Protein chains: 2
Amino acid sequence: MQRSAKIIRLIESEILGGKMPVGQRLESEEKLCERFGVSRTVIREAIQQLRGRGLLRTIKGSGTYIAESNLDTLANAMEAYSALAEDLDFLELIDFRILIETECARLAAIHAGEAVIRELRSLMDAMRQSKADRAEFSRLDIAFHLVIARGSGNRIYATVLRALEKKCIDYARKNRGDSDWFQSIVSTHQAILDAIENGKADVAAEAMHKHLLSSRRQYVDLTDGQG
Amino acid sequence: MQRSAKIIRLIESEILGGKMPVGQRLESEEKLCERFGVSRTVIREAIQQLRGRGLLRTIKGSGTYIAESNLDTLANAMEAYSALAEDLDFLELIDFRILIETECARLAAIHAGEAVIRELRSLMDAMRQSKADRAEFSRLDIAFHLVIARGSGNRIYATVLRALEKKCIDYARKNRGDSDWFQSIVSTHQAILDAIENGKADVAAEAMHKHLLSSRRQYVDLTDGQG
DNA sequence: AGCGATGCACATGACATACAACTGATTCCG
DNA sequence: CGGAATCAGTTGTATGTCATGTGCATCGCT
């Protein structure tokens with residue numbers, strides 16, 4: 001194994017074990033060289049990998065510090081996982097997404113303020129006028145879901161869904177775009193929005209759940225037909 | 001900004017955009033040096049960070065390749081986020097955990113095989129005999145939840161919960177350990193297990209949800225009292 | 001004394017070079 | 001024909017050097 005590997009494990013365990021509080025400065029690269037008996041090359045490699053994982057941040061001329069928790073790191077990981085996922089993993093991701101989005105709809109019905117609802121209404125209007133432009137329609141569709149996620153008040157949900165967005169576009173595009181499909185999407189979204197406006201959490205959750213399950217079914221049908 | 005930053009963004013976008021399929025070999029470091037007009041140091045820094053993020057894997061003497069999707073990477077990111085999370089983020093994490101575990105209980109009631117159920121039974125027996133040993137009891141408690149997560153059949157759920165395990169221990173330990181508390185944990189777990197054994201998905205989900213909500217309440221009470 | 005400017009020690013960022021260790025394929029030999 | 005030796009290519013590690021930024025102490029002016 002690489003020399004940097006065990007150094008990474010050690011520093012990682014010190015951070016995760018709580019021995020090094022957030023914001024604390026790491027020893028300088030040179031000190032770490034002495035301590036581990038390796039060259040600066042190896043130390044720097046270890047630090048780079050831990051930076052990539054979001055555990056450290058570095059300030060030139062000053063030092064390397066334990067990073068604060070950061071949603072972007074989580075988003076990166078989710079996005080990477082979904083982007084690299086093969087078919088087998090993909091259904092699990094879809095179920096994951098359904099679970100979270102359903103909860104988001106429920107929470108949005110409880111927490112969403114006037115601003116969020118206005119935004120959702122405006123997106124619905126735009127979607128009705130974008131029947132012809134499939135790319136734009138798809139973009140608005142995703143935006144609708146993301147606004148609801150934000151309206152849930154839980155940033156983790158919003159972050160995870162934002163990360164899954166790209167892949168969702170990919171398989172959403174595969175759906176046939178006939179008029180029935182368009183109308184069904186619009187009316188389902190409207191049902192979700194109505195429930196959120198009226199603060200009916202369970203209704204909103206169920207409507208969202210139904211919506212996503214039908215989307216899931218289409219994906220399954222498509223891939224079964226192919227593979 | 002660092003020179004490696006834009007190289008990272010570029011390679012990342014090529015991978016996530018699907019231009020580079022999983023398993024494909026990256027250009028050699030030397031070629032990348034030419035292409036970007038930087039030294040090998042910079043190229044290696046970029047590669048190290050992307051390795052840390054799980055997007056690349058390297059084989060000495062052979063080359064650097066686009067990594068396949070990997071649950072460990074996801075687990076690392078979740079664990080890092082939860083470990084570095086401050087109080088404000090922490091309730092969001094707890095709600096996230098509740099959402100997933102509730103779904104796991106539901107799915108376990110549907111999918112769990114005889115092996116999983118035997119394991120859960122055995123853990124229940126062990127818990128009843130560990131009333132005195134709080135550390136052991138806590139360990140078994142967590143194991144119970146993780147087995148259910150595995151029994152859900154969705155590896156993402158199991159992975160996420162495994163990553164949150166450490167933090168959960170921390171705040172679970174803060175709970176008072178009187179006899180009532182012990183008895184309530186045991187009977188709640190038993191209720192969940194019964195529902196899973198009988199394939200009653202909704203009952204299992206509700207029992208799990210209740211269980212976790214009471215745990216959440218205790219955490220809120222504790223931190224409110226402190227801060 | 002107050003306070004800004006300067007300078008210095010130290011830190012990370014980047015480059016160049018050299019060699020070690022490994023891989024994969026080709027070539028050579030029995 | 002099969003296996004061993006060889007070789008070009010590639011990543012891993014070490015070392016040295018300089019550039020550039022940070023943070024602190026020191027100095028000098030008012």
Side-chain angles (χ1 to χ4, degrees), chain A residues 1-12 14-15 19-68 70 72-73 76 80 84, chain B residues 1-12 14-15 19-68 70 72-73 76 80 84:
Chain A
M1 212 54 230
Q2 290 177 196
R3 288 183 193 274
S4 56
K6 73 162 160 265
I7 297 174
I8 289 173
R9 275 200 300 274
L10 205 149
I11 297 178
E12 178 194 19
E14 281 186 2
I15 298 174
K19 292 176 189 170
M20 312 211 67
V22 167
Q24 176 162 332
R25 188 174 169 282
L26 221 60
E27 297 168 87
S28 75
E29 294 175 353
E30 207 171 356
K31 299 271 178 61
L32 290 170
C33 292
E34 290 179 32
R35 182 168 138 200
F36 291 108
V38 295
S39 71
R40 204 181 151 206
T41 309
V42 173
I43 295 295
R44 283 184 65 80
E45 279 200 9
I47 291 176
Q48 297 302 329
Q49 286 203 36
L50 289 169
R51 284 208 326 172
R53 283 167 51 177
L55 286 170
L56 298 176
R57 72 192 164 87
T58 292
I59 299 175
K60 174 175 176 178
S62 174
T64 300
Y65 302 82
I66 313 298
E68 67 276 16
N70 172 220
D72 285 343
T73 306
N76 281 337
L84 302 175
Chain B
M1 210 55 230
Q2 291 178 191
R3 289 185 194 274
S4 55
K6 74 163 159 262
I7 297 174
I8 290 173
R9 276 200 299 273
L10 205 149
I11 296 179
E12 177 194 18
E14 281 187 2
I15 296 175
K19 293 177 189 169
M20 312 211 67
V22 167
Q24 175 161 333
R25 188 174 170 282
L26 220 60
E27 297 170 85
S28 75
E29 294 175 354
E30 207 171 356
K31 299 269 178 63
L32 290 170
C33 292
E34 290 180 32
R35 182 167 138 200
F36 292 107
V38 295
S39 72
R40 206 179 149 206
T41 308
V42 173
I43 295 297
R44 282 184 67 80
E45 274 194 16
I47 291 176
Q48 297 301 330
Q49 287 202 35
L50 290 169
R51 283 207 328 172
R53 283 167 50 177
L55 286 170
L56 298 177
R57 70 191 166 87
T58 290
I59 299 176
K60 174 175 176 178
S62 175
T64 300
Y65 302 84
I66 313 298
E68 67 276 18
N70 172 218
D72 286 342
T73 306
N76 281 337
L84 302 175

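Since the model is a prediction, treat every value here as computed from it, not as a measurement. Convention: sequence-line order gives letters A, B, ...; per-chain numbering from 1.
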[X] has an atom [atom1]; how far is it from atom [atom2] of [N], in whole Å?
| X | N | atom1 | atom2 | value |
| --- | --- | --- | --- | --- |
| B:Ile43 | D:dT13 | CD1 | P | 18 Å |
| B:Arg57 | D:dT10 | CZ | C1' | 15 Å |
| A:Tyr65 | D:dG21 | OH | C1' | 12 Å |
| B:Arg51 | D:dT10 | CZ | C1' | 14 Å |

Check: protein-nucleotides 15-18 of chain D nitrogen or oxygen pairs below 3.5 Å:
none

Listed partners of B:Glu34 passing side chain to side chain contact (heavy atoms under 4.5 Å, CB included), at least two apart | none

Where do A:Ile8 and A:Arg53 land on the side-chain contact (heavy atoms from CB on, under 4.5 Å) test, with the steps shown first?
-> CA-CA 11 Å; A:Ile8 289 173; A:Arg53 283 167 51 177; 4.0 Å; yes

OP1, OP2 of D:dT13 versus side-chain N and O of B:Arg44: anything below 4.0 Å?
-> no

Just by modelled atom types, is the B:Ser62 backbone N or O under 3.5 Å from a matching donor or acceptor in the B:Arg25 side chain?
-> yes

Distance, nearest 0.5 Å, that separates CD of B:Gln48 from CG of A:Leu50 | 10.5 Å

Return the minimal non-hydrogen interatomic distance between [X] and [Y], and the atom names on each side.
| X | Y | value |
| --- | --- | --- |
| A:Ala67 | B:Leu84 | O-CD1, 3.4 Å |
| A:Ile7 | A:Ala46 | CG2-CB, 4.0 Å |
| A:Glu68 | A:Val22 | CA-CG1, 3.6 Å |

Residue pair A:Gln2/A:Ile59 against DNA chain D: nearer the 5' end by closest nucleotide is A:Gln2

Residues that B:Glu30 engages under salt bridge (charged side-chain N to carboxylate O under 4.0 Å, His left out), provided they are two or more places apart = none

Got a sec, which residues hit side-chain hydrogen bond (donor to acceptor under 3.5 Å, both in side chains) with A:Arg40, two or more places apart in sequence or on another chain?
-> A:Glu29

N-O pairing of B:Glu45 and A:Arg44 below 4.0 Å | yes

Do the non-hydrogen side-chain atoms of B:Lys6 and B:Leu10 ever get within less than 4.5 Å of each other?
-> no

Span of DNA chain C in contact with chain B (heavy atoms, under 4.0 Å) | C:dG13 to C:dT23

Which parts of residues 25-33 of chain A get close to DNA chain C, meaning a heavy atom less than 4.0 angstrom away?
-> A:Arg25, A:Ser28, A:Glu29

